[in-house]
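Here's the structure, in structure tokens; my notes come after.
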Amino acid sequence: MPELAKSVSNICNTLVKPLGDDKILEFNAAIAGIPGIVKLTLGEPDFNVPEHVKDAAIKSIEENDSHYTPQKGIPGLRKAISNYLAKDYDVSYDPNTEIIVTIGATEAIYTSLYTIMNPGDKIIVPTPTFSIYMDDIKILGGTPVEVDTSKDGFKITPEKLQHVLENEGAGAKAMIINYPGNPTGVVYTRAEIEALADVLRDKEIFVISDEIYSQLVYGEKHVSFANVLPEQTILINGLSKSHAMTGYRIGYIAAPKGFVDEAAKVHSFTVTCPSNPAQYAAKEALENGLDDPIAMRKVYKERRDYIVAELNKLGYETVEPDGAFYVFPKIPVEFGLTSDQFCRQLATEAKVGVVPGDAFGAAGEGYFRISYATSMDAIKEGIKRLAEFTDKLLQKN
């Protein structure tokens with residue numbers, strides 16, 4: 001095993017070195033070796049990919065679809081994405097000029113930020129939210145402007161957005177909004193989206209709308225930000241959550257042509273194109289599998305209803321999520337523990353794995369995230385152990 005030569009040991013992008021690892025994955029890895037731990041950490045569906053979707057990937061391999069595809073993605077998949085967005089969210093995108101197939105929503109986020117940002121730019125990020133946004137912004141030389149939404153039901157309000165734009169938002173290139181939200185599961189209504197759009201309309205600012213959980217909504221139908229403010233919205237979505245295809249790594253960007261023309265350059269220089277089998281599987285999912293998430297939603301809703309009721313009984317104030325597969329309970333103040341301390345003690349003493357709230361931005365401190373993308377048996381055992389752990393903390397305090 002070669003050691004890094006001293007002569008090159010300090011040759012590094014100075015923006016990368018301070019970042020550290022993603023805290024969600026880092027924390028999950030840190031507790032993974034605890035014997036008998038019940039892991040309620042990662043947002044990975046515990047369902048299998050639908051059989052007809054797997055068959056499409058297999059067929060692609062058997063038919064020797066092993067060559068480079070068009071950099072924006074195979075035409076059939078881009079057409080399927082366009083049709084899906086038009087049917088489900090009443091938004092119109094030209095599959096030839098306004099859609100890019102990416103390596104998961106993760107690449108779509110990075111490519112979008114890279115396309116619009118210059119060093120020193122600001123990006124408005126309502127938090128708590130998916131941690132990767134802040135790291136991507138920093139690695140590109142920008143500054144995330146975190147907006148604490150914890151006192152507003154974990155949603156950014158038009159009043160707070162206006163205040164941020166006037167006081168901290170000079171030079172902001174975009175606002176990243178994620179809904180249904182990770183880690184909170186909150187969903188914005190049409191009225192709420194329209195109110196935010198009214199603040200942003202005609203300003204020199206994009207909306208990067210990460211709607212990867214849009215097929216996992218339990219109440220009112222999902223309303224895309226692109227439906228309300230299409231001219232300024234960069235819509236991000238994918239198949240990872242809706243069809244349990246996390247490992248297939250298929251996401252996409254849908255946006256006006258002027259943006260896509262530039263983003264396609266970043267995409268092509270970075271990844272060339274997604275894999276053939278994954279693209280054909282995604283095409284099948286969107287053409288013949290739009291009902292596949294229905295059964296998953298039903299199971300997730302049952303898990304949500306159980307876990308929210310139990311958490312509130314135990315004294316963990318929990319906003320009921322309307323989408324995704326997470327809950328974000330508040331740690332009782334009387335425990336006197338930070339979110340990291342609470343979660344590490346819970347893991348080591350009660351053998352339950354959850355994610356500290358500070359992994360999702362400063363506004364997440366004082367909370368923890370539970371993923372219910374796992375079996376009901378695991379959830380019930382986790383809640384049982386959490387109850388015992390809570391009793392001990394209460395006795396101690």
Side-chain angles (χ1 to χ4, degrees), residues 12-23 71-72 97-147 149 156 161-162 164-179 182 196-197 199-212 225-226 229-238 251-272 360-363:
C12 177
N13 184 330
T14 56
L15 298 174
V16 175
K17 207 169 185 68
L19 288 181
D21 295 326
D22 176 84
K23 180 149 188 181
Q71 289 176 330
K72 289 182 184 176
T97 62
E98 297 179 328
I99 291 172
I100 304 171
V101 181
T102 60
I103 310 298
T106 304
E107 189 235 319
I109 294 161
Y110 186 84
T111 292
S112 297
L113 287 167
Y114 196 108
T115 301
I116 63 176
M117 282 184 62
N118 293 299
D121 285 341
K122 298 176 182 177
I123 305 292
I124 297 169
V125 188
T127 60
T129 194
F130 188 36
S131 59
I132 199 172
Y133 304 148
M134 275 78 81
D135 289 334
D136 279 355
I137 294 163
K138 291 173 185 174
I139 209 170
L140 292 169
T143 301
V145 179
E146 294 191 37
V147 182
T149 66
I156 188 168
L161 177 57
Q162 184 67 49
V164 170
L165 289 171
E166 291 174 355
N167 293 277
E168 303 173 60
K173 286 291 186 68
M175 176 181 75
I176 295 184
I177 189 166
N178 166 230
Y179 71 104
N182 176 9
L196 292 172
V199 175
L200 297 168
R201 187 169 284 108
D202 298 326
K203 289 186 171 63
E204 293 182 352
I205 188 167
F206 282 101
V207 177
I208 300 175
S209 188
D210 182 355
E211 302 177 24
I212 190 69
F225 217 109
L229 193 65
E231 302 89 350
Q232 292 169 239
T233 299
I234 301 163
L235 173 60
I236 290 172
N237 210 324
Y252 54 86
I253 297 168
K257 178 180 182 300
F259 172 82
V260 167
D261 286 345
E262 302 307 307
K265 299 174 189 176
V266 178
H267 168 74
S268 64
F269 294 147
T270 307
V271 302
T272 305
F360 305 97

d(Tyr110 OH, Leu140 CG) to nearest 0.5 Å is 4.5 Å
Output for pair (Ile253 CD1, Leu235 CG), nearest 0.5 Å, gives 10.0 Å
Donor-acceptor pairs under 3.5 Å, side chain of residues 111-125 to any protein atom, not counting sequence neighbours: which ones?
unit_1 : atom_1 : unit_2 : atom_2 : d
Thr111 : OG1    : Glu107 : O      : 3.1
Thr111 : OG1    : Glu107 : OE2    : 2.7
Ser112 : OG     : Ala108 : O      : 2.7
Thr115 : OG1    : Thr111 : O      : 2.6
Asp121 : OD2    : Asn118 : N      : 2.7
Asp121 : OD2    : Lys173 : NZ     : 2.8
Lys122 : NZ     : Glu168 : O      : 2.9

All heavy atoms of Phe259 vs all of Phe206, minimum pair found to be CD1-CZ, 4.2 Å
By side-chain contact (heavy atoms from CB on, under 4.5 Å), Asn13 pairs with (sequence neighbours left out) Leu15, Val16
Q. How about Tyr179 and Ser209: do any of their side-chain heavy atoms sit closer than 4.5 Å?
A. yes
ring-ring contact (aromatic ring centres under 6.0 Å, His included) filter on Tyr133, not counting sequence neighbours, yields Phe130
When rounded to the nearest 0.5 Å, the distance separating CG of Asp210 from CD1 of Ile177 is 10.5 Å
Side chain to side chain donor-acceptor pair (under 3.5 Å) filter on Lys138, not counting sequence neighbours, yields none
| message | Using a 3.5 Å distance criterion without hydrogens, assess whether the side chain of Gln232 forms a donor-acceptor pair with backbone atoms of Ile205. | response | yes
By ring-ring contact (aromatic ring centres under 6.0 Å, His included), Tyr252 pairs with (sequence neighbours left out) none
Residue set satisfying side chain to side chain donor-acceptor pair (under 3.5 Å) with Lys257, at least two apart, ordered chain then number -> Asp261
Taken to the nearest 0.5 Å, the spacing of Thr272 OG1 from Gln71 CD works out to 6.5 Å
Those residues at least two apart in sequence (or on a different chain) that pass side chain to side chain donor-acceptor pair (under 3.5 Å) with Asn178 are none
TODO: Report the C-alpha distance between Thr143 and Ile137 in whole Å, list the side-chain angles of each, state the deciding distance to 0.1 Å, and finish with yes or no for side-chain contact (heavy atoms from CB on, under 4.5 Å).
DONE: CA-CA 6 Å; Thr143 301; Ile137 294 163; 5.6 Å; no
Taking the side chain as everything from C-beta on, heavy atoms only, tell me whether Ile234 gets closer than 4.5 Å to Val207. no
In terms of heavy-atom contacts, Gly258 and Glu262 come closest through O-CG, 3.7 Å
Taken in chain and number order and not counting sequence neighbours, the residues that satisfy side-chain contact (heavy atoms from CB on, under 4.5 Å) with Asp22 are Ile24, Leu25, Ser131
Residues at least two apart in sequence or cross-chain that pass side chain to side chain donor-acceptor pair (under 3.5 Å) with Thr102, listed by chain then number, are none
For Leu229 and Thr233 the tightest heavy-atom approach is O-OG1, 2.6 Å
Would you say Lys72 and Val260 make side-chain contact, with heavy atoms under 4.5 Å? yes
Q. So do Leu165 and Val199 actually touch side chain to side chain, heavy atoms under 4.5 Å?
A. yes
| Judged by atom type as modelled, is there a donor-acceptor pair below 3.5 Å linking the side chain of His267 to the main-chain atoms of Ile100? | no
With sequence neighbours left out, the residues meeting salt bridge (Lys or Arg N to Asp or Glu O under 4.0 Å) with Glu231 are none
Closest non-hydrogen contact found for Ile212 with Asn237 is CA-OD1, 3.5 Å
The reported gap from CD1 in Ile176 to OG1 in Thr127 (rounded to nearest 0.5 angstrom) is 12.0 Å
side-chain contact (heavy atoms from CB on, under 4.5 Å) filter on Thr270, not counting sequence neighbours, yields Val266
Hits for side-chain contact (heavy atoms from CB on, under 4.5 Å) against Pro128, two or more places apart or cross-chain, chain-then-number order -> Thr149, Phe154, Pro183, Thr184, Phe328, Phe360, Ala363
One should read off an interatomic distance between Ile109 CD1 and Ile236 CD1, to the nearest 0.5 angstrom, of 5.0 Å
